[in-house]
Amino acid sequence: MRESVQQPWLARQFLERSQEFDSAVMQTDGIDQFCSSSAWVLPAHQAFLPDHELWIREYEHGFAALARGEDANLGVYLHPLEASWALASPLVGRNAAALTRAFVETCRHDDTSWNLLFLSGISPQSVQFRELVRGFRRDFSMGLGTSAMRRVADLQHGVEGFLANRTPKFRANLRRARRRGDKAGICYEYLPAQTTTQQALAWFERALKIEALSWKGKTDTGIIDGPMKVFYQVMLPMLAERKDLRFVFVTLDGQDIAYCFGATFNGQFRGLQMSYDDAYSEHSPGSLAQFEMIIRLCDENIQSYDLGSDMDYKHHWAEEGLETVALVVRR
């Protein structure tokens with residue numbers, strides 16, 4: 001076992017090693033790869049819990065990436081760098097069994113770093129889950145935390161293949177909305193992969209103006225300010241630098257009325273945010289933005305579109321995908 005990191009990593013060190021880390025993510029089966037990658041977990045840590053010290057361990061077969069917090073009731077606890085949605089797996093590497101066993105041994109023999117482990121993004125059918133239960137159940141209290149289901153659309157057979165997986169009513173409504181939009185003069189802008197970080201942040205500011213006019217913005221549940229805004233302000237330049245950012249705007253008479261953006265990773269696409277100006281709801285701008293993104297992704301031969309955590313409206317757009325749970329371990 002190689003555990004080469006003895007001192008806490010800083011965010012700068014994480015960025016320096018991000019290519020290695022993401023390579024390990026790509027080799028890990030049964031996890032949410034994008035949401036376990038550096039472009040998701042590092043912005044989440046900086047936006048939501050920046051005062052929690054990074055707890056990173058490197059092993060022969062991969063990495064364990066967590067942060068260390070302290071609570072008057074819980075004591076010292078270790079949690080994934082992204083714990084808000086519990087999507088990220090903290091264990092990434094090519095040999096899941098060996099990696100997880102090494103992590104368990106580290107935790108079992110470390111009497112000072114933790115009273116509680118919160119390990120999210122673990123598939124109940126995975127090797128990681130089996131090895132974690134096997135390693136901790138004899139001497140520690142264990143329980144299941146939150147469950148998270150993703151909705152993922154298959155794009156392997158292009159736009160027509162995507163539509164074939166939808167209901168006849170959905171297909172008819174989407175095509176009708178597209179025809180009406182074309183007749184009304186609706187246009188689409190697509191941010192290509194080759195873009196600068198400055199352009200990415202400028203497009204994000206455009207999106208925020210639409211967000212403010214959406215139902216999410218009006219109910220203060222969007223990305224206009226606070227940690228959610230910081231999350232994307234850190235993430236989007238990282239994605240642009242890696243040529244992974246994709247952005248669509250829907251416009252009418254020169255006015256932005258909807259947006260959709262996300263990121264490619266390992267041949268897949270992860271949708272991040274989509275919203276529209278309520279004043280233009282008669283044009284179904286959200287659906288038009290989503291469909292335009294799918295058209296562009298199919299042009300790139302992207303294999304799937306992960307719409308993220310399960311929500312009712314996503315049932316029309318995608319099938320059930322990966323389900324993960326969180327494991328809670330107490331001393």
Side-chain angles (χ1 to χ4, degrees), residues 25 31-37 39-41 43-44 82 84-88 121 148-156 158-159 161-163 165-166 170 174 188-193 195 200 203-204 206-208 210-211 214-217 221-223 228-229 231-232 234-236 238-240 242-250 257-276 284-324:
V25 171
I31 67 168
D32 186 328
Q33 290 193 344
F34 177 75
C35 290
S36 301
S37 74
W40 177 273
V41 299
E82 179 272 291
S84 301
W85 302 280
L87 301 175
M149 170 69 75
R150 285 71 162 172
R151 281 277 162 178
V152 181
D154 184 356
L155 304 184
Q156 294 181 77
V159 175
F162 163 77
L163 290 172
N165 289 329
R166 313 277 66 82
F170 178 89
L174 188 56
Y188 304 92
E189 285 186 61
Y190 183 65
L191 181 69
T195 191
W203 280 50
F204 182 56
R206 281 178 66 181
L208 291 179
I210 301 171
E211 187 83 5
S214 72
W215 68 266
K216 289 188 288 185
T221 59
I223 59 173
M228 283 296 293
K229 183 177 182 180
F231 179 52
Y232 287 114
V234 176
M235 181 192 290
L236 266 58
M238 292 174 65
L239 295 175
R242 301 172 187 193
K243 312 303 180 189
D244 290 331
L245 181 63
R246 303 292 184 273
F247 227 125
V248 163
F249 278 101
V250 181
I257 66 172
Y259 75 87
C260 178
F261 71 81
T264 59
F265 186 80
N266 203 22
Q268 316 301 314
F269 177 80
R270 177 45 154 85
L272 294 171
Q273 288 291 328
M274 184 274 292
S275 200
Y276 61 88
S284 304
S287 293
L288 293 180
Q290 195 98 280
F291 190 46
E292 179 67 15
M293 181 64 80
I294 287 170
I295 292 170
R296 300 287 188 156
L297 295 173
C298 290
D299 288 343
E300 290 189 55
N301 295 315
I302 297 297
Q303 298 296 293
S304 65
Y305 181 172
D306 182 347
L307 279 77
S309 300
D310 194 19
M311 297 175 66
D312 286 345
Y313 87 88
K314 296 177 184 178
H315 294 195
H316 301 294
W317 288 89
E319 298 76 53
E320 286 187 356
L322 177 69
E323 180 179 14
T324 59

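Heavy atoms only: backbone and side chains are in, while hydrogens, waters and symmetry mates are out.
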Steps toward side chain to side chain donor-acceptor pair (under 3.5 Å) verdict (Trp40, Glu82):
CA-CA 8 Å; Trp40 177 273; Glu82 179 272 291; 2.9 Å; yes
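Between Cys298 and Gly158, the shortest heavy-atom distance links the atoms SG-C, 3.5 Å. What you find for Cys260 and Met293 is that their closest heavy atoms are O-CE, 3.4 Å. Considering every non-hydrogen atom in both Val25 and Gln33, the closest pair reads CG1-O, 3.3 Å. Of all heavy-atom pairs between Val250 and Pro285, the closest is CG2-O, 4.1 Å. Scanning both residues, Ala258 and Tyr276, for their nearest heavy atoms gives CB-CB, 3.7 Å. The heavy-atom pair separating Ala200 from Leu236 by the smallest distance is O-CD2, 4.1 Å.
Using a 4.5 Å cut-off on side-chain heavy atoms (C-beta onward), Phe261 and Leu191 make no contact. Residues His315 and Asp310 have side chains in contact (heavy-atom distance under 4.5 Å, counting atoms from C-beta outward). In this structure, the side chains of Phe249 and Ile210 come closer than 4.5 Å at one or more pairs of heavy atoms. Taking 4.5 Å as the limit, some side-chain heavy atom of Gln273 sits within range of a side-chain heavy atom of Met228. Between Phe204 and Ile223 the shortest side-chain heavy-atom distance falls below 4.5 Å. No side-chain heavy atom of Thr324 sits less than 4.5 Å from a side-chain heavy atom of Asp32. Leu155 has its side chain within reach of Ile294: a pair of non-hydrogen atoms, C-beta onward, lies under 4.5 Å apart.
How far CG of Asn266 is from CD1 of Ile302: 10.0 Å, rounded to the nearest 0.5 Å. The CG atom of Leu239 sits 6.0 Å away from atom CG of Asp244, with the distance rounded to the nearest 0.5 Å. Atoms OG and CZ, from Ser84 and Phe231 in turn, are 8.0 Å apart once rounded to the nearest 0.5 Å. In this structure, OG on Ser37 lies 7.0 Å from CZ on Arg242, to the nearest 0.5 angstrom. Rounding to the nearest 0.5 Å gives a distance of 9.5 Å between CG of Leu174 and CD of Gln290. A distance of 10.0 Å separates CE in Met235 from CG in Leu245, rounded to the nearest 0.5 Å.
Gln268 pairs by the side-chain contact (heavy atoms from CB on, under 4.5 Å) definition with Gln303, Ser304, not counting sequence neighbours. Scanning for salt bridge (Lys or Arg N to Asp or Glu O under 4.0 Å) contacts around Arg166 gives Glu319, with sequence neighbours left out.
Ion pairing between a basic and an acidic side chain is recognised when a charged N comes within 4.0 Å of a carboxylate O; Glu300 and Arg296 show no such pairing. Between Glu189 and Arg206 there is a salt bridge, with a side-chain nitrogen of the basic residue lying less than 4.0 Å from a carboxylate oxygen of the acidic one.
Checking side-chain atoms of Lys314 against main-chain N and O of Leu307 turns up a donor-acceptor pair under 3.5 Å. In this structure, the side chain of Lys216 engages the main chain of Met274 through a donor-acceptor pair within 3.5 Å. Looking at Arg150, its side chain does come within 3.5 Å of a backbone N or O of Leu87 through a donor-acceptor pair.
Ring geometry, Phe34 versus Phe265: the interplanar angle exceeds 60°, so the pair is classed perpendicular (tilted spans 30 to 60°). Taking the six-membered ring for Trp and thresholds of 30 and 60 degrees, Phe247 and Tyr259 have ring planes inclined between 30 and 60 degrees apart.
A centroid separation of 6.0 Å or more is found between the aromatic rings of Phe162 and Tyr305.
Taking the centre and axis of the six-membered ring of Phe269, the NZ or CZ atom of Arg246 falls outside the cone set by 45° and 6.0 Å.
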